[in-house]
Number of protein chains: 2
Amino acid sequence: MTYELHHGDCIDIMASLPAESVDAIVTSPPYAEQRKSTYGGIPEKDYPAWTVAWMAEAKRILKPDGSAIINIRPHIKNGQISDYTLRTRLALRDAGWNECEELIWHKPSSPPLGSPQRPRRSWESLHWFAKHGKPYVDAKAAGKPIKFPGDKSGGQSGPHISQLNGLRQAPGIARVTDAVTVATDQTIRAHPAPYPWQLAEWCGKLICPQGGTILDPFSGSASTGVAAIRNGWHYIGIDAIAEYVDMSRKRLDAEQTKQAPTEGPFSCTETGANK
Amino acid sequence: MTYELHHGDCIDIMASLPAESVDAIVTSPPYAEQRKSTYGGIPEKDYPAWTVAWMAEAKRILKPDGSAIINIRPHIKNGQISDYTLRTRLALRDAGWNECEELIWHKPSSPPLGSPQRPRRSWESLHWFAKHGKPYVDAKAAGKPIKFPGDKSGGQSGPHISQLNGLRQAPGIARVTDAVTVATDQTIRAHPAPYPWQLAEWCGKLICPQGGTILDPFSGSASTGVAAIRNGWHYIGIDAIAEYVDMSRKRLDAEQTKQAPTEGPFSCTETGANK
DNA sequence: ATGAGGAATGAATCCCCAC
DNA sequence: GGTGGGGATTCATTCCTCA
């Protein structure tokens, strides 16, 4: 229930954070050639190297079993999808990152934009990278109770559930699938990239242990921070634009009040160029 | 309502087909390192070159506005997803193919297999490649009627629908999205790759014009053929295994009988090593 | 005939243990 | 120590059996 917001370049800020202090990274960096007016826009050809650079700093502050979920989807230009996410994924792998899985964020309420000659775009990728092949994972934290055939009790612990390989398994809970459906949040008008906190919550439940620390180096409207407060994770948010940091502070303070309206003041640390 | 089945190596068979005679390719090639016992298994490192090779032959017989939808999903090994589909996509682009879009096949009935430490895998990629950036597309052929709020008529032509950019638009029909949900077909026990014909139908409606010719160079159980017969497309199926060709012939004949039980015999051409 | 209930199964992956 | 067999996972759909 604590958060830190930092204003500045994420590489600089991350360099000031202690090594191996972060459990999970959940972020949606600026896409190539998009949002030029607000974030400057990273050229497509530079995107892989740019991502490897900030991920290198992230690697230092990530715990050994920590991992990162990065939301990107390439745009279409002249009828062809951009290849920069392909090259970025290969570059991260070359830089020593383990690509755990391709997760899908399905947006059922996606607006009918894009070319009328093409299917309406309704999903985005969540690229999951870790320091090695066995990072911390809880595939059941966001899972639902198992319903066995004929079981009308609601599905508490069935006969088939047991300890597996000595690993703790939540009994009677099915693990999540690799595609999650979350409607886009149309209410976040203050930031151009509508990343819903429910999506960040799903990602965090997958890769952030209870009470862990979750980082978003491109914090934007701090949706990951909202998810953190609601789930008891410590949040570290970084953004290059002071206006978004200020807005995020208001949003997170309001969220904390909502979460525990009867308790006293919350611990909150703020640092960075805009302190 | 006609089909051709060929037994043999798809590159050899395609070389015998006339240039620019195919409207669309919808296929699910053998995945790298999978199905070794039936198809020999293409090594991961050879997969990009192998794909470029058979796609080069496909390019010759594809019409100028034709395109191909290829279903592949990489496996996970030691906690890391294989990178061969990334490298294959880049190799096809280097070979001059235009990557139109990343489409998603979502499988709601996917079995609870795979690592218990990872989310259950419930989707596969549909990679869409064309000769250029503006291939034949009908984004509404598989679309559903638009339902306006409060409209109880079923959704024929609403006020928001109009000619757009001078392109013919089916009125009152919404474009499909780039993610399609089709349950896996558990009834195809004779072939190990359960590619449902409903998925092939959705793909065909997107890229194959009415009365066009649709090709599957890795025909397997001929699910694409079933979709073709049901939609009035001419089907060309190729498979390296005689047993599957024989099985497909029975399946497609039965499908034709089902589609028009009162009509006479159908036109059907069969060629290839197993003739 | 009809329906309820049970068993079997699938483009998987990893761990454990035997050899 | 490398290799290979066996078990666990736990959803939707199928066929089959029995009332």
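Order of the sequence lines sets the chain letters (A, B, ...), proteins ahead of strands, with each chain counted from 1. Computed over heavy atoms, backbone and side chain alike; hydrogens, waters and symmetry mates excluded. Note that this is a predicted model, so its numbers are computed, not measured.
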- prompt: Where the side chain of B:S28 is concerned, which of D:dT10, C:dA11, D:dT13 is the nearest nucleotide?
  reply: C:dA11

Ion pair B:R118/A:E101, N-O distance below 4.0 Å: no

task: Cation-pi check, B:K59 to B:W97: give yes when NZ or CZ is under 6.0 Å from the six-membered ring centre and within 45° of the ring axis, no otherwise.
output: yes

query: How far does NE2 of B:H6 sit from OG of B:S248, to the nearest 0.5 angstrom?
result: 12.5 Å

message: On DNA chain C, compare the nucleotides closest to B:N71 and B:R118; which residue's is nearer the 5' end?
response: B:N71

field: Distance in angstrom units between B:I72 CD1 and C:dA11 P, rounded
entry: 17 Å

query: Distance check: side-chain N/O of A:K140 vs OP1/OP2 of D:dT10, anything under 4.0 Å?
result: yes

query: What is the distance, rounded to the nearest whole Å, between atom NE2 of B:H75 and atom C1' of C:dT13?
result: 11 Å

message: Defining pairs by Watson-Crick or G-U wobble geometry with both distances under 3.5 Å, how would you list the stems of DNA chain D with at least three pairs each?
response: C:2-10 with D:11-19, C:12-19 with D:2-9

Spacing of B:R120 atom CZ relative to C:dC14 atom C1', expressed in whole Å: 18 Å

task: Please state how far atom CD in B:E124 lies from atom C1' in C:dA11, giving the value in whole angstrom units.
output: 6 Å

- request: Let me know the distance between CH2 of B:W123 and P of D:dC11, rounded to the nearest Å.
  value: 21 Å

query: Are B:R73 and B:W105 in a cation-pi contact, defined as NZ or CZ under 6.0 Å from the six-membered ring centre and within 45° of the axis?
result: no

- prompt: Hey, is the side chain of A:K134 poking within less than 4.0 Å of OP1 or OP2 on C:dC15, counting only N and O atoms?
  reply: yes

- prompt: Do the charged groups of B:D253 and B:K250 touch, with an N to O distance under 4.0 Å?
  reply: no

task: Please work out if B:P29 contacts a base, only the sugar-phosphate, or nothing of the nucleic acid, heavy-atom cut-off 4.0 Å.
output: base

message: Tell me the interatomic distance from B:K107, atom NZ, to C:dT9, atom P, rounded to whole angstroms.
response: 19 Å

B:P116 side-chain proximity, nearest of C:dT13, C:dA11, C:dG10: C:dT13

- line: When rounded to whole Å, the CD to P distance for the pair A:E101 and C:dA12 reads 14 Å

- prompt: Considering residues at least two apart in sequence or located in another chain, which fulfil the salt bridge (Lys or Arg N to Asp or Glu O under 4.0 Å) criterion with B:E124?
  reply: B:K107

message: Rounded to whole Å, how long is the line connecting atom CD1 of B:I76 with atom C1' of C:dT13?
response: 8 Å

Charged N-O contact under 4.0 Å between B:E102 and B:R89: yes

- request: Please state whether the rings of B:W50 and B:Y47 are parallel, tilted or perpendicular, taking 30° and 60° as the class boundaries.
  value: tilted

- request: May I ask you to say what B:R73 touches in the nucleic acid, namely base, sugar-phosphate or nothing, with a heavy-atom cut-off under 4.0 Å?
  value: nothing

task: Considering only atom P, compute the distance from D:dG7 to C:dA8 and round it to an integer number of Å.
output: 14 Å

query: Quick one: is D:dT9 close enough that its OP1 or OP2 comes under 4.0 Å of any side-chain N or O from A:R175?
result: no

message: Checking contacts here: which listed nucleotide (D:dC11, C:dC14, C:dG10) is nearest the side-chain heavy atoms of B:S115?
response: C:dC14

